[in-house]
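Both ligands and their constituent atoms are indexed starting at 1 by order of listing. The shown structure was predicted, so the numbers you read here are calculated from the model rather than taken from an experiment.
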Amino acid sequence: MSENNPFPNESNTGHFWDDSLRELTNDPPGWWRIGFHASWLWCLVYFVLYPAIPTLDGYSKGTMGWTAVGEYKEDLASIDKVRQKWEDKINNPNTTAAMIIADDELRNYTVRSAKVLFGDYCSACHGSGGSGNSAMSADQSGYPVLADDDWLYGGTIEQIQTTITNGRKGIMPNYGARLSEAEIADLAKHVVALSDGSEHAAGKELFNNPTKGGCFACHGMDAKGMAALGSANLTDAVWRFNVVGKGDNRQASATHTIAHGVNSELIDPASRNAVMPAFGPLGKDLSAGSIKKLAVYVHQLGGGK
Ligand code: HEC
Ligand code: HEC
């Protein structure tokens, strides 16, 4: 082979193709060699410093003592430290929910951390973000929207906190048992007229007649409702109860509510059902701090007063 080497003056391996293509024995270029040695050196250093090599009973631990879990825990601890500062403030019995709202930083923290609580405890009924819930119960009672400025029990931070702590159960009697169908129809017409900004004469007369409707006793002479009783404002366009899928069904819905009442299922099985459970010590027993957070969150949803 090498006897008939056509390139006797260069160092090649003696392998030729097509007379001129040949394999040389030059050293690899300098940059390549530096890269090569740097890589294995890097591996060696890494293997010494960090956990790397599997052994029979685990793995080499490395001289730095680093672990992925350790790094994660350190990160968590540093976040917890920041959090703890806020949590301590919120859990302090002297910090009222109103004070949290007044403090921009504390409020922002509270709203963010309450989102999770709201998802866990409230959104099954009130929808995510308090947008209400179209999944109506059998009597079409549904759950109130919390992200508007229409309140049954009042929208101040204190009222919201009381609602969450003690729960709410507004009661309205079933008038089907004591008024005629025609009277109930007139009352319903009056209620529908009220939400359109007018009134219905015969219905209004019954509404304000203590021996007939006596509705004013709970809904007020102006029919705007009373926060202490949770009696709905009947003069706005917001309908708490509904009959799904019947177009303008306000007449039907009002008729049902008036005839069967609210939370009167003991005397009328067709009664509207509207119970807000208690989350304080008498109910689900959430911590005072969690309830403060939730109250601030609901207040900030849009309609807090
Ligand atoms: C089992 C269903 C259910 C759950 C869970 C629930 N609620 Fe309610 N909530 C209701 C109902 C029903 C009402 C309306 C009561 C009424 O109509 O009288 C209500 C009313 C309210 C009101 C009063 C609204 C107003 O207009 O005054 C607030 C505030 C409220 N809920 C907040 C919460 C918060 C915060 C949570 C989570 C900690 C929560 N709710 C969990 C069913 C629920
Ligand atoms: C004992 C107090 C009380 C009396 C008396 C009363 N209501 Fe109510 N009413 C309530 C409460 C509480 C609610 C429920 C609000 C809720 O939980 O969403 C309600 C709800 C309603 C609703 C439903 C409103 C909606 O948005 O869907 C109508 C309509 C209504 N009442 C009409 C009347 C009429 C008409 C009378 C008189 C015949 C009357 N009420 C008497 C307490 C009362």
Numbering as shown, the atoms of ligand 1 that approach Tyr121 to under 4.0 Å (heavy-atom distance):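 Selected atoms, number and element: 5 (C), 37 (C), 38 (C), 41 (C).
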
Atoms of ligand 1, numbered as shown, that sit under 4.0 Å from any heavy atom of Val298: 35 (C)

By number and element, which atoms of ligand 2 are closer than 4.0 Å to a non-hydrogen atom of [X]?
{"X": "Leu187", "answer": "38 (C)"}
{"X": "Trp239", "answer": "26 (O), 27 (O)"}
{"X": "Leu229", "answer": "12 (C)"}
{"X": "Gly170", "answer": "12 (C)"}

Only heavy atoms count here, so choose which of [options] is nearest to [atom].
{"atom": "atom 15 (C) of ligand 2", "options": "Gly214, Ser195, Ala188, Gly230", "value": "Gly230"}
{"atom": "atom 25 (C) of ligand 2", "options": "Lys169, Arg240, His256, Arg272", "value": "Arg240"}
{"atom": "atom 12 (C) of ligand 1", "options": "Leu294, Asn263, Val275", "value": "Val275"}

Residue, atom name and distance, where the atom is the protein heavy atom closest to [atom]:
{"atom": "atom 29 (C) of ligand 2", "answer": "Val191 CG1, 3.8 Å"}
{"atom": "atom 41 (C) of ligand 2", "answer": "Tyr175 OH, 3.5 Å"}
{"atom": "atom 26 (O) of ligand 1", "answer": "Leu152 N, 2.7 Å"}

Cut-off 3.5 Å, side chains only: do [X] and [Y] have a donor facing an acceptor?
{"X": "Arg240", "Y": "Ser253", "value": "no"}
{"X": "Thr156", "Y": "Gln159", "value": "yes"}
{"X": "Asn174", "Y": "His260", "value": "no"}

Intermediate values then yes/no, side-chain hydrogen bond (donor to acceptor under 3.5 Å, both in side chains), Thr165 and Thr162: CA-CA 5 Å; Thr165 306; Thr162 306; over 6 Å; no

Atoms of the protein (N/O/S only) found under 2.8 Å from atom 8 (Fe) of ligand 1: His126 NE2, Met276 SD

Protein N/O/S atoms closer than 2.8 Å to atom 8 (Fe) of ligand 2: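 Metal shell, protein only: Met172 SD, His219 NE2.
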
Ligand 2-proximal atoms of Phe241, by part, heavy-atom distance under 4.0 Å: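 Both backbone and side chain.
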
